[in-house]
Amino acid sequence: MTAVQVRWLKTAAITAALFLSLAPLSMTLPGDGLDPAWGLVVEQAALRGAQWGRDIVFTFGPYGYHYQRIFHPDLAAEILAMSSLRALLTGLGISFALREAGPGPTGIAVAAALVSLPTVQDSTYFLLPLLIVLLHFQRRATTPLWYLLLAAAYCGFAALIKTTFAVLAIALLLVVDIDRLLDRRLPVFTPLCLIVALAAYLAAGQSLAALPEFIDLSLDVARGFSHAMSVFDWRRAIELTAFLVASMTVLALVVATTRPADRLRTRSGRLMLLAVAIFWFVTYKAGFTRHDLHTLVSWATLGTGAALFAAVADGAPSLRPRRLLLVAALAIAILAPIRLSLAPGFGLVAVALQTLVYNPRDTVAQAAAILAAPTAWMAEMQRRRAVALTGIRNRNPLTGIQGSIDTVPSLQAALVAADLADGPTYHPRPIFQEYSTYTAALIAANRAFFDSDEAPDTILLSPGSIDNRYPSLAEGPLWPILLRRYADAGLAGPMRHLDGEIDVLVLNRRDQDTVIALGAGQSMTIRPGERLTLPEDDVPVVAMIDISQTVAGQVLTVLHQTPTITLTVTLADGSRHTHRLIPDIARAGFLLSPYLPDTAAARHLFDGDGGGRRRVSDLRIDVPDPVAWAFADRIAVTLRPLR
């Protein structure tokens with residue numbers, strides 16, 4: 001067998017192994033959990049021609065349905081094709097990077113990819129632009145230009161799946177094109193990525209007129225993520241510390257492995273280091289801002305990226321740093337399935353079997369079924385989708401409701417399922433999941449929707465949100481509008497919400513808005529930890545709370561996350577309740593009093609009850625002592641009665 005044949009056999013083996021392990025042919029079915037709910041909304045928005053940036057604003061773009069891969073007969077072929085292309089590009093890119101690597105480094109790099117990448121699909125979207133960087137700066141091997149162009153084009157398509165995919169791809173491709181430009185070569189990758197993204201945007205039925213709003217509000221969702229969605233407590237510090245130690249270890253070994261001539265002394269060395277720094281920072285933020293299973297993204301991409309770098313490195317001062325980097329990279333990659341196994345409902349054996357056995361087996365079985373009888377496969381998947389939607393409807397009864405409908409709690413799957421069965425028409429506000437309405441611009445978009453003739457006939461309401469937020473922060477700035485425009489029409493449920501079941505308040509739009517307005521308020525400043533006594537009037541109170549960050553705090557938010565701020569309220573009955581406070585929602589204004597822990601309390605409010613024993617008598621705002629320097633020592637509070 002010739003050297004060329006061996007090389008192509010190696011390429012085919014690596015590509016096939018990764019393709020099978022990544023399970024690109026698997027599809028999911030509709031569900032009524034938090035994530036499946038937004039998956040159905042994005043799917044239906046795409047099918048119904050919604051305009052992103054106007055009709056819908058979310059972390060995911062016009063092709064966001066490619067992320068959850070929920071089966072729909074009109075989208076299945078496209079999802080399978082693009083998912084398969086992503087898996088092929090990942091496998092080919094890794095194999096091209098390893099063309100000149102020996103058996104040992106190749107085996108370790110492939111093993112790192114096989115054990116980590118299948119744990120979280122974000123990792124492959126993040127890895128593709130990094131592969132372009134590695135292959136571009138890998139001077140000793142020639143990568144086919146068609147691969148680099150195809151990978152850059154796919155990055156353009158992926159930019160419309162999720163905002164962070166766009167940010168990382170454009171940043172890394174710019175680094176490559178800067179290097180090409182300085183070499184007096186045409187910068188092709190960034191323009192190609194952007195052209196494909198624009199073409200895909202138009203192909204999705206999006207309007208050029210809405211493009212600026214789409215970009216601006218998508219970036220606003222990303223900008224506000226650290227403020228509103230960060231999750232951290234000191235128990236999680238162990239994982240964060242471990243990741244930072246692992247990152248520093250990798251950095252030290254990368255420097256030791258790189259030829260002295262290729263370090264910061266050369267332009268290419270500096271640009272390569274810049275690209276690696278961007279890649280690390282974006283994947284770190286993607287994993288450790290939310291600090292839940294999102295950390296899988298960070299572990300998987302760090303481990304696989306480091307292994308690839310070590311495998312392609314040559315000319316190191318000695319082989320020892322390279323070997324140490326390979327071992328460290330594999331150990332980091334293995335931490336991805338270990339981290340997943342620690343989550344409820346998982347186990348290390350189950351995760352290993354899924355990644356190494358079930359995924360390849362299921363990929364082969366799915367391919368055989370699709371190729372042998374595509375019509376029968378499609379019919380069976382349609383049957384299973386119908387059964388899943390029926391199950392959602394049965395678990396979430398919405399009897400007797402007609403017209404257009406929206407929901408504050410994350411019950412979108414129930415509304416979509418009802419809509420698809422000729423029930424009430426699901427007509428969502430632009431930022432359709434309450435926990436994502438966390439910046440001034442996003443709040444303004446939803447306010448404008450409910451203040452317009454577009455407001456739905458019916459809205460489902462229940463207080464409460466994720467991360468122990470103050471209950472009425474769920475679309476908090478909208479509550480005065482809802483009280484003015486909607487009336488109590490009863491209860492519906494029980495319905496699946498977050499980790500349990502709730503009854504929801506059904507609000508019907510009034511024929512004519514009632515007279516309700518914010519009265520003249522009183523403004524004051526308090527210090528963190530200081531109690532503020534509220535007036536004893538038994539009327540609802542809206543609070544506007546301005547918690548400013550110091551310059552150091554803003555830097556902390558950019559580099560890591562915003563520390564959790566808490567609001568503790570004392571009620572007229574003497575009870576105390578502590579919840580998380582989201583800065584931008586608090587600044588825009590939310591219903592502070594009465595305290596509304598559940599649907600029954602919210603119903604009393606809409607029936608004219610001022611609160612009674614649920615009236616808030618005083619409040620206290622706390623910031624974590626170790627990072628008190630991140631916030632100004634004065635908090636501006638305005639309290640306005642709602643009459």
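Counting from 1, the numbers follow the sequence of the chain as shown. Nothing here was measured: the structure is a model prediction, and the numbers come from that model.
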Any idea which heavy atoms bring [X] and [Y] closest together, and the distance?
X      : Y      : result
Ala388 : Pro30  : CB-O, 3.6 Å
Arg385 : Phe71  : NH1-O, 2.6 Å
Pro360 : Thr355 : CD-O, 3.6 Å
Ser116 : Ala336 : CB-CB, 4.0 Å
Gln366 : Leu25  : NE2-O, 3.1 Å
Gly31  : Ala413 : O-CB, 3.2 Å

Test item: [X] and [Y] side chains (from C-beta on) under 4.5 Å apart, heavy atoms:
X      : Y      : result
Leu592 : Val569 : yes
Thr289 : His294 : no
Ile545 : Ile547 : yes
Arg86  : Phe157 : no
Thr90  : Leu128 : yes
Leu34  : Tyr435 : yes
Pro456 : Arg509 : no
His579 : Asn468 : yes

Give the ring-plane orientation class for [X] versus [Y], where under 30° counts as parallel, over 60° as perpendicular and anything between as tilted.
X      : Y      : result
Trp299 : Phe288 : perpendicular
Phe58  : Phe60  : tilted
Tyr486 : Phe450 : perpendicular

Euclidean distance, [Y] [atom2] relative to [X] [atom1], rounded to 0.5 Å:
X      : Y      : atom1 : atom2 : result
Cys155 : Ile161 : SG    : CD1   : 10.5 Å
Thr390 : Arg395 : OG1   : CZ    : 10.0 Å
Leu353 : Leu348 : CG    : CG    : 9.5 Å
Leu591 : Leu483 : CG    : CG    : 7.0 Å
Asp503 : Met495 : CG    : CE    : 9.5 Å
Gln412 : Gln44  : CD    : CD    : 13.0 Å

Charged N to carboxylate O under 4.0 angstrom, Arg485 versus Asp513? yes
Do Trp479 and Phe590 have their ring centres less than 6.0 Å from each other? no
What about the rings of Phe165 and His66, do their centers lie closer together than 6.0 Å? no
Starting from the C-alpha separation in whole Å, work towards a yes-or-no answer on side-chain contact (heavy atoms from CB on, under 4.5 Å) for Tyr125 and Leu168. CA-CA 9 Å; Tyr125 287 106; Leu168 180 62; over 6 Å; no
Stepwise side-chain contact (heavy atoms from CB on, under 4.5 Å) check, Leu460 with Leu415: CA-CA 10 Å; Leu460 305 181; Leu415 303 195; 3.9 Å; yes
One pair to check against salt bridge (charged side-chain N to carboxylate O under 4.0 Å, His left out): Asp122 and Lys162. What are the steps and the verdict? CA-CA 9 Å; Asp122 296 61; Lys162 192 174 183 181; 2.9 Å; yes
Looking only at atom types and distance, does a side-chain atom of [X] sit under 3.5 Å from a main-chain N or O of [Y], one as donor and one as acceptor?
X      : Y      : answer
Thr295 : Gly287 : no
Asp488 : Leu605 : no
Ser452 : Phe449 : yes
Ser341 : Ile338 : yes
His427 : Glu454 : yes
Thr28  : Gln68  : yes
Thr301 : Ser123 : no
Tyr438 : Val221 : yes
Gln51  : Gly205 : yes
Glu43  : His72  : no

For the pair Tyr63 and Tyr201, evaluate side-chain contact (heavy atoms from CB on, under 4.5 Å) and give the outcome as yes or no after the intermediate values. CA-CA 9 Å; Tyr63 292 97; Tyr201 176 82; over 6 Å; no
Could you go through the side-chain contact (heavy atoms from CB on, under 4.5 Å) check for Asn446 and Leu442 one step at a time? CA-CA 7 Å; Asn446 278 359; Leu442 302 177; over 6 Å; no
Applying salt bridge (Lys or Arg N to Asp or Glu O under 4.0 Å) as the test, list every pair that has at least one member in residues 396-406; sequence neighbours left out. Asp406-Arg429
Side chains of [X] and [Y]: do they bring a donor and an acceptor to under 3.5 Å?
X      : Y      : result
Asp419 : Thr425 : no
Lys285 : Thr164 : no
Thr439 : Arg223 : no
Thr562 : Ser230 : no
Trp38  : Asp35  : yes

Which donor-acceptor pairs under 3.5 Å do the side chains of residues 208-219 make with protein atoms, sequence neighbours left out?
residue	atom	partner	partner atom	Å
Glu213	OE1	Arg54	NE	2.5
Glu213	OE1	Arg54	NH2	3.1
Ser218	OG	Phe214	O	2.6

Could you tell me whether Arg290 sits above the aromatic face of Phe225, with NZ or CZ closer than 6.0 angstrom to the six-membered ring centre and within 45 degrees of the axis? no
Taking atom CZ of Arg384 as the centre, does the number of heavy atoms from other residues, nucleotides or ligands within less than 6.0 Å exceed 12? no
Between Arg614 and Asp598, is the salt bridge (charged side-chain N to carboxylate O under 4.0 Å, His left out) condition met? List the steps. CA-CA 12 Å; Arg614 290 179 286 101; Asp598 51 35; over 6 Å; no
